[in-house]
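We number each residue from 1, following the sequence as shown.
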Amino acid sequence: MSKNIKEIILESEKAGRIVFMTIDGLLSTDLDKFVNQPTEGILYDLNRDRATILSFIKDNPTWINNFAVMLVVIRLKERLTETERLIQDANNYLAGGGFGAKSVQHAAELFGKMK
């Protein structure tokens with residue numbers, strides 16, 4: 001990797017951006033916006049989707065870690081989505097006027113599902 005590309009990537013990181021390779025060359029985008037896209041889009045943009053990973057099995061053993069990364073990203077996005085939904089459910093319940101012991105118990109039950 002040339003020093004110039006390394007500098008671009010590291011400076012982008014400091015600015016809260018991600019740099020990745022596309023068919024047209026390097027692309028830089030806001031990291032928060034990038035991770036807010038659907039899981040399939042993240043994996044596709046990073047060439048870590050199932051089809052791309054499995055197409056390199058014969059050529060390079062790095063597919064093993066790439067496959068593991070794909071599975072981790074999928075699971076983390078699932079957990080994030082579920083956590084966001086549970087928090088919204090708890091907020092909606094509490095906004096409905098339930099601030100007594102029953103609401104605390106209900107919120108605890110919702111958050112208990114996050115384990």
Side-chain angles (χ1 to χ4, degrees):
M1 178 185 307
S2 75
K3 185 175 181 180
N4 190 25
I5 293 174
K6 180 180 177 181
E7 289 174 3
I8 291 169
I9 292 170
L10 295 176
E11 288 300 316
S12 292
E13 177 193 19
K14 290 177 187 175
R17 299 182 66 78
I18 184 174
V19 177
F20 55 98
M21 186 62 75
T22 70
I23 195 166
D24 298 320
L26 292 178
L27 179 67
S28 175
T29 189
D30 181 82
L31 182 57
D32 289 325
K33 289 180 182 176
F34 186 83
V35 299
N36 282 332
Q37 69 177 312
T39 307
E40 297 80 17
I42 292 172
L43 295 173
Y44 178 82
D45 287 345
L46 298 176
N47 291 323
R48 297 300 179 267
D49 59 313
R50 180 181 295 273
T52 303
I53 293 168
L54 295 179
S55 68
F56 291 104
I57 287 177
K58 295 178 186 175
D59 300 335
N60 192 332
T62 61
W63 77 269
I64 298 166
N65 285 354
N66 290 339
F67 196 82
V69 167
M70 176 198 68
L71 295 174
V72 169
V73 168
I74 290 170
R75 182 59 51 90
L76 289 173
K77 286 288 281 188
E78 288 170 352
R79 286 187 178 181
L80 176 63
T81 299
E82 178 65 10
T83 300
E84 289 171 338
R85 188 189 63 74
L86 289 170
I87 290 170
Q88 186 61 50
D89 287 350
N91 285 335
N92 290 342
Y93 183 81
L94 294 173
F99 290 97
K102 185 176 179 183
S103 65
V104 172
Q105 179 183 355
H106 183 72
E109 290 169 4
L110 287 173
F111 289 111
K113 291 180 183 178
M114 293 171 40
K115 293 181 181 179

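In Phe34, the CZ atom is crowded: over 12 heavy atoms of neighbouring residues, nucleotides or ligands sit closer than 6.0 Å.
The distance from the CD1 atom of Ile42 to the CG atom of Asp49 is 12.5 Å, given to the nearest 0.5 Å. Taken to the nearest 0.5 Å, the CG atom of Leu10 stands 12.0 Å off from the CD1 atom of Ile5.
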Can you give the donor-acceptor pairs under 3.5 Å from side chains of residues 16-28 to other protein atoms, not counting sequence neighbours?
residue : atom : partner : partner atom : Å
Arg17   : NE   : Ser28   : OG           : 2.9
Arg17   : NH2  : Ser28   : O            : 2.9
Thr22   : OG1  : Asp24   : N            : 3.1
Thr22   : OG1  : Gly25   : N            : 3.3
Thr22   : OG1  : Gly25   : O            : 2.7

Sequence neighbours left out, cut at 3.5 Å: what donor-acceptor pairs do the side chains of residues 61-75 make with other protein atoms?
residue : atom : partner : partner atom : Å
Thr62   : OG1  : Asn60   : OD1          : 3.2
Asn66   : OD1  : Arg48   : NE           : 3.1
Asn66   : ND2  : Thr62   : O            : 3.4
Arg75   : NE   : Glu78   : OE1          : 3.3

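Counting only residues at least two apart or on different chains, the side chain to side chain donor-acceptor pair (under 3.5 Å) pairs with a member in residues 30-43 are Gln37-Asp45.
Clustering ILVMFWY residues whenever any of their side-chain heavy atoms sit less than 4.5 angstrom apart, transitively, puts Tyr44 in a cluster other than the one holding Leu31. Linking Ile, Leu, Val, Met, Phe, Trp and Tyr residues whenever their side-chain heavy atoms come within less than 4.5 Å places Ile57 and Ile53 in a single cluster.
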